[in-house]
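Structure record follows, encoded as structure tokens.
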Amino acid sequence: MITAYNPRRMPLVTLTTFRNAHDAQLAKAVLADEGVAAFLGDENITSLAPYTSPMGVKLQVASEDADRAESILNRIAGLDVAEQATASAQHAIRHPEQCPKCGSADIRRTRRLTGFLICAALLIAVGVAVEQLIMAFYLIMAVCIFFLVASPYRCADCGHRW
Ligand SMILES: [Zn+2]
């Protein structure tokens, strides 16, 4: 519950200073949501002249609420950072959505490991059958290199690989 501000009972402490009134209002609303009464200092001056006030808007809370309010604000800031980090991480590992050649969205991942295992199994079987295991081993190495350098993506429409 938000209690009315009584200056004699609760000395205010300034948590942080916002450059514009809008951000300060937002923080105040978030704190109010969490049941912490917050007060904005210098708000009127800053909203009247947001670009000329060097002071910004002070976000103030009762000293007894200061720790809680700070952890709430830190949590919000932390979430913000976490969302941005996740977005960029997803961007970094994102698979292509379109064929660079024809623009088709029908992209297949080539199954390099499966292909390699099948080839290796066949070569071992043949090597055992013709008693040429050393030869089979070298062929498997060659096939392994081939699959390592093979393109990981294939377009189902035009067959383009990249
Ligand atoms: Zn294509």
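For ligands, and for the atoms within them, numbers begin at 1 and follow the listed sequence.
Think of I140 as one node in a network of Ile, Leu, Val, Met, Phe, Trp and Tyr side chains linked at under 4.5 Å; its network also takes in L113, F116, L117, L123, I124, V128, L133, M135, L139, V143, F146, F147.
Remark: I134 CD1 is loosely packed, at most 12 non-hydrogen atoms of other residues, nucleotides or ligands lying under 6.0 Å away.
For D23, the salt bridge (charged side-chain N to carboxylate O under 4.0 Å, His left out) criterion is met by no residue, not counting sequence neighbours. In this structure, H22 has no ring pair (Phe, Tyr, Trp, His ring centres under 6.0 Å) partners at least two apart in sequence or on a different chain.
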Going through the checks in order, is the side chain to side chain contact (heavy atoms under 4.5 Å, CB included) test met by R161 and Y153? CA-CA 6 Å; R161 288 167 181 268; Y153 298 108; over 6 Å; no
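Protein contacts to the Zn ion (ligand 1) involving N, O or S atoms at a distance below 2.8 Å are C99 SG, C102 SG, C155 SG, C158 SG.
Applying the side chain to side chain contact (heavy atoms under 4.5 Å, CB included) test between V61 and each of V36, I72, D67, L12 identifies V36 as the sole match.
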